[in-house]
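Structure first, then comments.
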Amino acid sequence: GILSSDGTLTIQRWNGTSWSTEFTVTTLGSTYRGFDIAYEQISGDCIVAWSTDSSSDPEVQFRVWNGTSWGDITNLNFPTSSAVNWLRMEPYPGTDRIMLTVLESLNEIYSYYWNGGPGWGNGRQNSSASSVVDKQCYDLAWENQTGRCMVVWGTGTELRYDIFSSTASAWVATNQTDAQINIGGIVGWLKMASDPQSGSNRLGFTCLDTGNDWNVGIWNGASWETKPAEDAGVESTVARCSDIAWEADSGECLVVCTAD
């Protein structure tokens with residue numbers, strides 16, 4: 001997907017040999033990343049979701065590629081009317097399950113669950129008081145063994161989280177917090193990653209606050225591990241200058257950040 005400066009989103013597809021332009025839509029704009037693309041892991045169907053150019057219904061629309069053709073544009077409405085600044089989708093490996101989470105301009109975070117379609121369900125307002133709206137102060141990741149999805153976000157100087165169980169098809173923990181993930185500054189950027197080992201439920205995050213501090217944390221499947229001391233000298237928080245990834249087989253997690 002290519003988001004142009006005028007807010008036009010162009011979707012292109014690679015067929016193994018060449019690229020083709022599939023469709024274009026008008027989005028809210030290019031200031032934030034209000035679109036994402038995710039594949040169902042079994043069917044190979046592709047979902048493209050984007051924020052519309054409206055702060056009222058529908059705030060989000062999506063289309064599904066079934067391997068042959070694109071379905072119709074379908075609306076996804078939220079309980080309150082507000083422009084969607086940030087949109088993320090995360091597939092659960094080895095399944096057709098996907099979680100979609102958005103951050104709206106009025107500091108509200110919503111999540112919806114996709115279980116192979118045709119629509120989204122189990123909608124939840126994760127927060128009505130995100131720490132910021134001009135940065136992606138939330139993210140999500142799946143525990144590989146349990147099939148639970150964790151949504152983490154910043155509210156003030158705290159990180160909070162909800163857990164959705166795809167087995168129970170319900171949110172099983174909501175608005176949780178822990179002293180190990182309080183960062184002491186206004187949460188700006190947040191990025192998560194899950195350990196890809198099949199028997200692991202470990203997740204990790206990297207977080208930048210608006211005071212140029214860098215924090216990291218590890219979830220072991222049941223609780224948050226002791227958080228190392230923060231680094232107070234990152235280069236900038238204008239953009240997300242940190243990332244996180246797990247090695248495929250070792251269970252080791254690598255987190256990087258640019259220094260001041």
Side-chain angles (χ1 to χ4, degrees), residues 1-3 9 11 25 27-41 45-52 58-64 74 76-78 82-93 95-115 117 120-128 130-144 147-155 159-164 166 171 187-194 196 203-208 217 219 239-246:
I2 303 167
L3 184 60
L9 174 63
I11 300 301
V25 293
T27 71
L28 181 67
S30 61
T31 303
Y32 311 111
R33 186 178 172 223
F35 81 96
D36 207 357
I37 301 170
Y39 273 89
E40 294 181 350
Q41 305 285 290
D45 289 356
C46 177
I47 303 175
V48 180
W50 63 90
S51 60
T52 67
E59 294 102 324
V60 168
Q61 294 180 318
F62 67 96
R63 294 186 77 175
V64 180
T74 305
L76 176 57
N77 298 326
F78 299 96
S82 175
V84 170
N85 286 1
W86 301 92
L87 187 154
R88 272 273 288 120
M89 290 191 291
E90 186 68 23
Y92 177 32
T95 75
D96 288 341
R97 304 166 192 167
I98 298 170
M99 187 67 75
L100 176 150
T101 304
V102 303
L103 170 58
E104 294 189 331
S105 60
L106 295 181
N107 299 84
E108 295 169 321
I109 298 175
Y110 289 96
S111 293
Y112 281 82
Y113 172 59
W114 177 273
N115 190 17
W120 299 89
N122 299 97
R124 171 169 170 77
Q125 184 187 63
N126 306 106
S127 175
S128 61
S130 70
S131 54
V132 294
V133 297
D134 61 337
K135 300 175 177 63
Q136 189 186 308
C137 63
Y138 76 93
D139 207 9
L140 59 157
W142 292 86
E143 294 178 341
N144 269 315
R148 301 193 310 174
C149 183
M150 180 183 288
V151 179
V152 181
W153 68 92
T155 177
L159 289 177
R160 293 185 177 269
Y161 63 96
D162 289 348
I163 297 176
F164 178 82
S166 59
W171 294 91
V187 179
W189 297 99
L190 183 69
K191 182 70 171 69
M192 297 183 68
S194 57
L203 309 173
F205 76 81
T206 178
C207 179
L208 302 174
W219 170 263
R240 180 171 64 82
C241 60
S242 179
D243 209 354
I244 181 171
W246 293 81

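Remember, it's a predicted structure, so these values are computed and weren't measured experimentally.
Residues that satisfy the side chain to side chain donor-acceptor pair (under 3.5 Å) test with Tyr92, not counting sequence neighbours, are absent from this structure. In this view, Asp36 and Arg33, Arg88 satisfy the salt bridge (charged side-chain N to carboxylate O under 4.0 Å, His left out) rule, not counting sequence neighbours. Looking at residues two or more places apart in sequence or on another chain, you find no salt bridge (charged side-chain N to carboxylate O under 4.0 Å, His left out) involving Arg63. In this view, Trp86 satisfies the side chain to side chain donor-acceptor pair (under 3.5 Å) rule with no residue, not counting sequence neighbours. Every residue meeting the side-chain contact (heavy atoms from CB on, under 4.5 Å) condition with Thr52, not counting sequence neighbours, appears here in chain and number order: Ser54, Pro58, Gln61. Considering only residues two or more places apart in sequence or on other chains, Asp134 meets the salt bridge (charged side-chain N to carboxylate O under 4.0 Å, His left out) condition with none of them.
Pairing each heavy atom of Met192 with each of Asp139, the nearest pair is N-OD2, 2.8 Å. Here the closest non-hydrogen pair linking Trp246 and Pro196 is CB-CD, 3.5 Å. Taking every heavy atom of both residues into account, Tyr110 and Gln125 meet most closely at OH-NE2, 3.1 Å. For the residue pair Leu87 and Met89, the shortest heavy atom distance occurs at CD2-CG, 4.2 Å. Here the closest non-hydrogen pair linking Leu103 and Ile109 is CD1-CG1, 3.7 Å. The two atoms that bring Asn144 and Pro93 nearest to each other are OD1-CG, 3.6 Å, heavy atoms only.
By the 4.5 Å heavy-atom criterion applied to side chains, Phe62 and Trp114 are counted as neighbours. Looking at Tyr112 and Asn122, their side chains never come closer than 4.5 Å, going by heavy atoms from C-beta outward. Side-chain contact between Leu203 and Met150 is present, with at least one heavy-atom pair separated by less than 4.5 Å. Counting only heavy atoms from C-beta outward, the side chains of Cys207 and Leu190 approach each other to under 4.5 Å. Using a 4.5 Å heavy-atom cutoff, the side chains of Ile98 and Trp120 are in contact. The side-chain heavy atoms of Leu159 and Phe205, taken from C-beta on, include a pair separated by under 4.5 Å. Side-chain contact between Glu59 and Glu104 is present, with heavy atoms from C-beta onward closer than 4.5 Å. Here the side chains of Tyr138 and Ser130 are not in contact, with every heavy-atom distance at 4.5 Å or above.
Using a 3.5 Å distance cut-off with no hydrogens or angles, the side chains of Ser242 and Thr206 do pair a donor with an acceptor. Between the side chains of Ser82 and Ser105, a donor-acceptor pair is found at a separation under 3.5 Å.
The distance from atom CG of Leu28 to atom CG of Asn85, rounded to the nearest 0.5 Å, is 6.5 Å. From Lys135, atom NZ reaches atom OH of Tyr32 across 8.5 Å, with rounding to the nearest 0.5 Å. Atoms CG and CZ, on Leu208 and Arg240 in that order, are 8.5 Å from each other to the nearest 0.5 Å. Here Ser127 contributes atom OG and Tyr161 contributes atom OH; the two are 15.0 Å apart, rounded to the nearest 0.5 Å. Note that the SG atom of Cys149 and the CG atom of Leu140 stand 5.0 Å from one another [nearest 0.5 Å]. Distance CD1/Ile2 to CZ/Phe35: 8.5 Å, rounded to 0.5 Å.
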Trace of the side chain to side chain contact (heavy atoms under 4.5 Å, CB included) decision for Trp153 with Ser131: CA-CA 8 Å; Trp153 68 92; Ser131 54; over 6 Å; no

From CA spacing to verdict: side chain to side chain contact (heavy atoms under 4.5 Å, CB included), Ile163, Trp219: CA-CA 12 Å; Ile163 297 176; Trp219 170 263; 4.1 Å; yes

Side chain to side chain contact (heavy atoms under 4.5 Å, CB included) between Asp162 and Val152, intermediate numbers included: CA-CA 7 Å; Asp162 289 348; Val152 181; over 6 Å; no

Working for side chain to side chain contact (heavy atoms under 4.5 Å, CB included), residues Trp142 and Arg148: CA-CA 6 Å; Trp142 292 86; Arg148 301 193 310 174; 5.9 Å; no

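Although no hydrogens or angles enter the test, the distance criterion places no donor-acceptor pair under 3.5 Å between the side chain of Arg124 and the main chain of Asn126. Not one N or O on the side chain of Asp96 forms a donor-acceptor pair closer than 3.5 Å with the backbone of Asn115. Formation of a donor-acceptor pair under 3.5 Å by the Ser30 side chain with backbone atoms of Leu3 is not found in this model. Of the possible donor and acceptor atoms, none in the side chain of Trp50 sits under 3.5 Å from a partner among the backbone N and O of Leu9.
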